[in-house]
**Student:** 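Sending over a structure as structure tokens; questions will come in a sec.
Residues: numbered from 1 along the sequence shown. Everything numeric here is computed off the predicted structure, so don't read it as measured data.
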Amino acid sequence: MTVATLRIEGARISGIPSLYGELNRVFMPDEDWTLGESLDALDDLLYGGFGVLDGAAPVRVVWADHAVSAEALGTAATRAWYAAKLARPEIYAAGPARRALDALEAGTGETYFDLVRQVFAGHPNIDLVLE
């Protein structure tokens, strides 16, 4: 069985909005709608059924220049992401966001890049290769 290979260009990623722009370029080229800026939306995408993914079919995703993306989706971007959640308590649960932000500030928390990698890791049919 031939495994499809997709390529994320990490150098194109300068923050969370551009991450989703790149994910849309790679995974949604023929769709007339785009993936929103949400880890839940990314998780749904990786289950397949729309975009270029076909459900459980195996796929290899090469994330080129991942170090550039890791920096762009690092502490500063993650801090801003959590701050935006805390500013909207009517939509987001403040407790988990506050705890995650506190852990990030203490140097023990996960960055947005880490969270994205965790979403990919939840899909055993997808082999994420960091280059």
Side-chain angles (χ1 to χ4, degrees):
M1 172 183 253
T2 302
V3 175
T5 299
L6 304 171
R7 184 177 176 90
I8 297 170
E9 297 295 344
R12 293 181 179 199
I13 298 169
S14 59
I16 294 171
S18 59
L19 165 67
Y20 288 94
E22 180 64 4
L23 293 172
N24 279 307
R25 183 190 71 78
V26 172
F27 291 97
M28 306 282 287
D30 297 325
E31 296 291 337
D32 59 359
W33 59 280
T34 58
L35 185 67
E37 294 177 18
S38 160
L39 293 169
D40 290 335
L42 173 60
D43 193 41
D44 289 346
L45 169 73
L46 297 179
Y47 277 111
F50 56 90
V52 299
L53 297 180
D54 184 20
V59 65
R60 182 174 190 246
V61 177
V62 175
W63 194 323
D65 297 318
H66 80 278
V68 174
S69 300
E71 178 66 27
L73 302 171
T75 302
T78 308
R79 184 182 298 121
W81 181 64
Y82 283 126
K85 288 182 173 296
L86 291 170
R88 306 218 35 216
E90 71 281 5
I91 296 174
Y92 300 105
R98 171 52 58 198
R99 287 188 294 279
L101 181 58
D102 290 346
L104 183 72
E105 297 297 353
T108 59
E110 298 167 315
T111 65
Y112 202 85
F113 182 75
D114 296 328
L115 297 173
V116 168
R117 288 183 55 208
Q118 286 178 17
V119 172
F120 273 92
H123 297 272
N125 60 309
I126 298 175
D127 179 24
L128 180 64
V129 179
L130 302 178
E131 290 187 343

**Student:** Can V3 be reached from I8 by stepping across I, L, V, M, F, W or Y side chains whose heavy atoms are under 4.5 Å apart?
**Tutor:** no
**Student:** Any idea how W63 and F113 line up, ring-wise: parallel (<30°), tilted (30 to 60°), or perpendicular (>60°)?
**Tutor:** perpendicular
**Student:** Is a side-chain donor or acceptor of T108 paired with a backbone partner of A103 at a separation under 3.5 angstrom?
**Tutor:** yes
**Student:** Above 12 or not: heavy atoms from other molecules or residues under 6.0 Å from CD of E9?
**Tutor:** yes
**Student:** Assigning hydrophobic clusters by single linkage (Ile, Leu, Val, Met, Phe, Trp, Tyr; side-chain heavy-atom cutoff under 4.5 Å), is V68 placed with V129?
**Tutor:** no
**Student:** What's the shortest heavy-atom distance between G51 and E31, and which atoms?
**Tutor:** N-OE2, 2.9 Å
**Student:** Would you call E110 and R117 a salt bridge, using N to O less than 4.0 angstrom?
**Tutor:** no
**Student:** Which atom names give the shortest non-hydrogen contact between P96 and A93, and what distance separates them?
**Tutor:** CD-O, 3.5 Å
**Student:** Applying the side-chain contact (heavy atoms from CB on, under 4.5 Å) test to W81, which of L104, L115, L73, L101 qualifies?
**Tutor:** L115
**Student:** Test side chain to side chain contact (heavy atoms under 4.5 Å, CB included) on F50 and L45; report intermediate values, then the result.
**Tutor:** CA-CA 7 Å; F50 56 90; L45 169 73; 3.5 Å; yes
**Student:** From L6 CG over to R25 CZ, what is the distance, rounded to the nearest 0.5 angstrom?
**Tutor:** 9.5 Å
**Student:** So, does Y20 use its side chain to make a donor-acceptor pair with the main chain of L35 at under 3.5 Å?
**Tutor:** no
**Student:** Are side-chain heavy atoms of E37 and P17 found at a separation under 4.5 Å?
**Tutor:** yes
**Student:** Using the rule that two of Ile, Leu, Val, Met, Phe, Trp, Tyr join whenever any of their side-chain heavy atoms come within less than 4.5 Å, decide whether F120 and Y47 are in one cluster.
**Tutor:** no
**Student:** Is the backbone of D114 close enough, under 3.5 Å, to the side chain of T111 for a donor and an acceptor to pair up by distance?
**Tutor:** yes
**Student:** Provide the closest heavy-atom pair for L86 versus A97 in the form atom of the first, atom of the second, distance.
**Tutor:** CD2-CB, 3.9 Å
**Student:** Using the rule that Ile, Leu, Val, Met, Phe, Trp and Tyr join whenever any side-chain heavy atoms are under 4.5 Å apart, tell me whether L130 and V62 fall into a single cluster.
**Tutor:** no
**Student:** Testing the basics here: between P29 and V52, what is the closest heavy-atom pair and its distance to 0.1 Å?
**Tutor:** CD-CG1, 3.6 Å
**Student:** What distance do Y82 atom OH and Y92 atom OH have between them, rounded to the nearest 0.5 Å?
**Tutor:** 12.5 Å
**Student:** Could you give the distance from CG (L19) to CG (N24), rounded to the nearest 0.5 Å?
**Tutor:** 9.5 Å
**Student:** Taking atom CD1 of I13 and atom CD of E22, what is their separation to the nearest 0.5 Å?
**Tutor:** 5.5 Å
**Student:** Nearest 0.5 Å, what's the CZ-CG distance between R60 and L128?
**Tutor:** 10.0 Å
**Student:** Please step through side chain to side chain contact (heavy atoms under 4.5 Å, CB included) for the pair T34 and M28, ending with a clear verdict.
**Tutor:** CA-CA 7 Å; T34 58; M28 306 282 287; over 6 Å; no
**Student:** Can you measure from CD1 (I126) to CG (L46) and round to the nearest 0.5 angstrom?
**Tutor:** 4.0 Å
**Student:** Tell me whether D44 contacts the main-chain N or O of A41 through its side chain, where contact means a donor paired with an acceptor under 3.5 Å.
**Tutor:** no
**Student:** According to ring-ring contact (aromatic ring centres under 6.0 Å, His included), who are the partners of H66, at least two apart in sequence or on a separate chain?
**Tutor:** none
